[in-house]
Number of protein chains: 2
Amino acid sequence: MGRKRTKSGKIRLAEVAELAGVSPITASRFFRNPEALSVAKRTRVESAARELGYVPNLAARALASQRTEVIGVLIPSLTNNVFSDVLRGIYDASEGSRYSIQLSNTRYSILQEEKLLRLFLAQKPAGLIVTGIDQTTESRAMLEAADCPIVQIMEIGPNPVDMMIGFSHYDAARAAIAHLFAQGHRRIGFVGARMDPRVQRRLDGYAAAMKDAGLFDQRLIVTTATPTSVTLGGALFADLIAREPDIDAVFCANDDLALGVLFECRRREIPVPDQIAIVGFNDLEFMASSVPTLTSVRTNRYEMGSTAAAMLIEAIEGKRPEKPVLDLGFTVIERQSSQAQRPTASPRAGEWAPAVQNDSVTNDP
Amino acid sequence: MGRKRTKSGKIRLAEVAELAGVSPITASRFFRNPEALSVAKRTRVESAARELGYVPNLAARALASQRTEVIGVLIPSLTNNVFSDVLRGIYDASEGSRYSIQLSNTRYSILQEEKLLRLFLAQKPAGLIVTGIDQTTESRAMLEAADCPIVQIMEIGPNPVDMMIGFSHYDAARAAIAHLFAQGHRRIGFVGARMDPRVQRRLDGYAAAMKDAGLFDQRLIVTTATPTSVTLGGALFADLIAREPDIDAVFCANDDLALGVLFECRRREIPVPDQIAIVGFNDLEFMASSVPTLTSVRTNRYEMGSTAAAMLIEAIEGKRPEKPVLDLGFTVIERQSSQAQRPTASPRAGEWAPAVQNDSVTNDP
DNA sequence: GTCGCTGCTGGTAGCGCTGTCAACGATCCT
DNA sequence: AGGATCGTTGACAGCGCTACCAGCAGCGAC
């Protein structure tokens, strides 16, 4: 016997079709490919749908069509400011499209990432955005076997699974160190936390630049697996300066650490940049208004997210980009914290201004 | 005639049932309510599912059961640190449950919120988390008509739609001002940005406290609709101090603004807290390690998210909480930036320590 | 006139799962 | 012992939509 399900008063496609005087399948086509209809039927279906307030049932559509309109996004952290900018880009670019975002947090664990990937793939997503290029072998195999477009974000490297968008953390770190060299600094410390693959590559870039200049010294490097924070930046710098009092600059793997270093310098009355220069990474908003203003490597986080989502959607709809790997570059934004010459006095109100980007070293491939 | 759809090699429930030697409906029950099966069949289905690597088709489930396992979340901003903490709580609490999170960004627009709400509700979510208590009349009506549990987060107020979890921004602001009064401050400025409803209520709390003390002065208030930032904090404070040079404290509607004020003071060589005391709101991590450390009102953002999601899931599964409205309270964390007496000298390295919470004014209902 | 093509439309048959109800044996109570 | 109750299981019929063809009209080419 049949069920007694309440028909729930919901408008179905069949109702719309009836009101429009067409078959259900024609009405269905209207929502997926309006161009295939004659103008007359198109307008009839459109007004019928509006009149009834029809909303398609996505579950039924997914079941019948054997595919979903979901874009899976895997990022390592919800807390890190870097990812909130990327996410904003992704959400903005997906808005207005038919695709919805399914977000999951890997917490910087590639095993967790593998687990989530398995979960996502089982639901046949329309596309996937994953962070970075360091997946487990198993994850990599799943990604390559997946029958949907995939974008790797945050960095670029060899052997993309499919598409890729990011920049070279290695080169960015080298550019930051080159800037410090140009300002006359020689004993440059490195402060890093979390040490995820991208931070590791910044460290590699730092080390390579220092080695090339014959200035590399393992003792200049302080890192920890602890998640990053401003407080941690201060603590790591305290370790560093206690051990190596003669350092003249610090390159921080991110801006939170840099701010922590700045505060620690202030606490110890170490003049910045006169005794110690500071360079951060990411160019978060506050870097431009601290005292002194802080030099940083600007990265195009929002664009990374929005472009990744846009590329993915294009690819889902069959228009693969001509260049599947996109380098968004970076810019060293030079500010007071790394100037060779400190201005005569601490600037008075009104005299300071954010760094002019024209003065900066840009890598925009 | 039938279709030639590629059966896609996917394992279906029927296959699992066949291997386990039970009917499909019994296998189905195993995944939804294992307790209803006898132990023998339960283990048989379990091993069959594992052997075949079965993954349920959520679209089919949603279609057949007329409901989804999706929790809709509407927040006003993806950038604001406050919401990233809340979100992390929501995602953490939903992990391991059968529910997945569908996130959307209202961008502080209640019209956008209404639009998104309509979209969400059309897909019959299992539950809904919405930010704040200021919905449009239309949104309010839709929420009340929705046949799923709903949690309003970030603040508490009268007439909850369903459940509610947050704290009183009004009371929190009053507590911050009371603390400044206790430290001897009288001409206390207010700096606010964005001026969303919650910031507005903080302003109301400030104004009420000042009026009660006979100290209210409209000229002490500087606000803007511009989104908040550290830089903006400095700029707003610059306006305020230019107009009212005799202020002795500033209450900032959030910590970014407070940091901006601190930097601006440093830029102008205004001693903090000797000439100007500073109090922020939210107690972001950096407040404890700035120089001087910054007083702030701690809010339980992660708990707000995780508890909201946990309550919602309980409610979806039929266990409504005994108390549908939960006040998570706040704590005024007293730090150097609002101390009545500045320590004799600027503290030396190692001598500073984060404020002890025991010294603080807690409102923990 | 016939053929093939193009553009539009419709019929049929599911997609994979679950709500509803009925049936069955086992257990419990009087 | 008889009836009521409980726990467990299965049959059936869809949920609302779309893939796959088939059909049909209109048109130009031969």
Side-chain angles (χ1 to χ4, degrees), chain A residues 1-45 48-49 52-69 98 122-124 126, chain B residues 1-45 48-49 52-69 98 122-124 126:
Chain A
M1 193 188 294
R3 66 186 72 183
K4 301 273 169 46
R5 286 182 189 173
T6 52
K7 279 260 166 54
S8 78
K10 262 298 183 200
I11 308 300
R12 297 199 308 289
L13 187 57
E15 269 102 292
V16 176
E18 193 180 12
L19 179 61
V22 299
S23 72
I25 187 66
T26 300
S28 167
R29 272 193 274 264
F30 168 77
F31 292 101
R32 291 174 295 143
N33 184 17
E35 271 69 47
L37 298 198
S38 64
V39 181
K41 304 225 166 179
R42 201 184 308 173
T43 53
R44 293 238 301 282
V45 176
L52 296 172
Y54 171 73
V55 183
N57 180 324
L58 298 185
R61 175 179 289 178
L63 180 59
S65 67
Q66 294 284 70
R67 55 197 167 67
T68 59
E69 286 170 348
R98 62 205 301 172
Q123 298 308 324
K124 301 201 179 192
Chain B
M1 194 185 295
R3 69 183 74 184
K4 300 273 168 48
R5 285 181 191 175
T6 52
K7 278 261 166 53
S8 78
K10 262 302 184 197
I11 309 300
R12 298 198 308 288
L13 188 57
E15 269 101 291
V16 176
E18 192 180 10
L19 179 61
V22 300
S23 71
I25 187 68
T26 301
S28 166
R29 271 192 275 263
F30 168 76
F31 293 101
R32 292 174 294 144
N33 184 17
E35 271 68 47
L37 298 198
S38 63
V39 180
K41 305 227 164 179
R42 202 184 307 171
T43 53
R44 293 238 300 283
V45 176
L52 296 173
Y54 171 73
V55 183
N57 181 323
L58 299 185
R61 177 180 288 177
L63 180 59
S65 67
Q66 295 283 70
R67 55 197 168 68
T68 60
E69 287 170 348
R98 62 203 303 172
Q123 298 308 324
K124 301 200 180 192

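Hydrogens, waters and symmetry mates are skipped; everything else that's a heavy atom, side chains included, is used. Order of the sequence lines sets the chain letters (A, B, ...), proteins ahead of strands, with each chain counted from 1. Quick caveat: nothing in here was measured; it's all calculated off a predicted structure.
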Among [options], which nucleotide sits nearest the side chain of [X]?
{"X": "A:Arg32", "options": "D:dG10, D:dT18, C:dG10", "answer": "D:dT18"}
{"X": "A:Ile25", "options": "D:dA19, C:dC17, D:dC15", "answer": "D:dA19"}
{"X": "B:Lys41", "options": "C:dT18, D:dG10, D:dG16", "answer": "D:dG10"}
{"X": "A:Leu13", "options": "D:dG16, C:dT9, D:dT18", "answer": "D:dT18"}
{"X": "B:Ala64", "options": "D:dC15, C:dG19, D:dC17", "answer": "D:dC15"}
{"X": "A:Leu37", "options": "C:dC17, D:dC15, C:dT9", "answer": "C:dT9"}

Please report, rounded to the nearest Å, how far the [atom2] atom of [N] is from the [atom1] atom of [X].
{"X": "A:Gln123", "N": "C:dC15", "atom1": "CD", "atom2": "P", "value": "18 Å"}
{"X": "A:Asn33", "N": "C:dT9", "atom1": "CG", "atom2": "C1'", "value": "14 Å"}
{"X": "A:Asn57", "N": "C:dC17", "atom1": "CG", "atom2": "C1'", "value": "13 Å"}
{"X": "B:Glu35", "N": "D:dT8", "atom1": "CD", "atom2": "P", "value": "10 Å"}
{"X": "A:Arg44", "N": "C:dC8", "atom1": "CZ", "atom2": "P", "value": "15 Å"}
{"X": "B:Arg29", "N": "D:dA11", "atom1": "CZ", "atom2": "C1'", "value": "11 Å"}
{"X": "B:Leu58", "N": "D:dC15", "atom1": "CG", "atom2": "C1'", "value": "16 Å"}
{"X": "B:Glu69", "N": "C:dC17", "atom1": "CD", "atom2": "P", "value": "13 Å"}

Return the minimal non-hydrogen interatomic distance between [X] and [Y], and the atom names on each side.
{"X": "A:Ala27", "Y": "A:Val22", "value": "N-CG2, 4.1 Å"}
{"X": "B:Val55", "Y": "A:Ala122", "value": "CG1-CB, 3.4 Å"}
{"X": "B:Ala48", "Y": "B:Val16", "value": "CB-O, 3.7 Å"}

Does [N] have its OP1 or OP2 closer than 4.0 Å to a side-chain nitrogen or oxygen of [X]?
{"X": "B:Ser23", "N": "D:dG10", "value": "yes"}
{"X": "B:Thr26", "N": "D:dG10", "value": "yes"}
{"X": "B:Arg67", "N": "C:dG19", "value": "yes"}
{"X": "B:Tyr54", "N": "C:dC17", "value": "yes"}
{"X": "A:Gln66", "N": "D:dC17", "value": "no"}

With sequence neighbours excluded, tell me which residues meet side-chain contact (heavy atoms from CB on, under 4.5 Å) with A:Arg61. A:Phe31, A:Pro56, A:Leu58, A:Ser65, A:Glu69, A:Arg98
More than 12 heavy atoms of other residues, nucleotides or ligands under 6.0 Å from CZ of B:Arg42: is that the case? yes
For residues 29-41 of chain A, which residue pairs qualify under side-chain hydrogen bond (donor to acceptor under 3.5 Å, both in side chains), counting only residues two or more places apart or in two chains?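 Counting only pairs at least two positions apart or across chains, the side-chain hydrogen bond (donor to acceptor under 3.5 Å, both in side chains) contacts touching residues 29-41 of chain A are A:Ser28-A:Arg32.
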For the residue pair A:Asn57 and B:Lys124, establish whether any side-chain heavy-atom pair is separated by less than 4.5 Å. no
Spacing of B:Glu18 atom CD and B:Glu15 atom CD [to the nearest 0.5 Å]: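 Going from CD on B:Glu18 over to CD on B:Glu15, the span is 7.5 Å.
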In degrees, rounded to 10°, what is the bend between the two ends of the helix from C:dG1-D:dC30 to C:dT30-D:dA1, using five pairs at each? 30°
Which residue lies more 5' along DNA chain D, comparing B:Ser38 with B:Ala60 via nearest heavy atoms: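 Whichever sits nearer the 5' end wins; that is B:Ser38.
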Classify B:Ala36 by what it touches in the nucleic acid, base, sugar-phosphate, or nothing, heavy-atom distance under 4.0 Å. sugar-phosphate
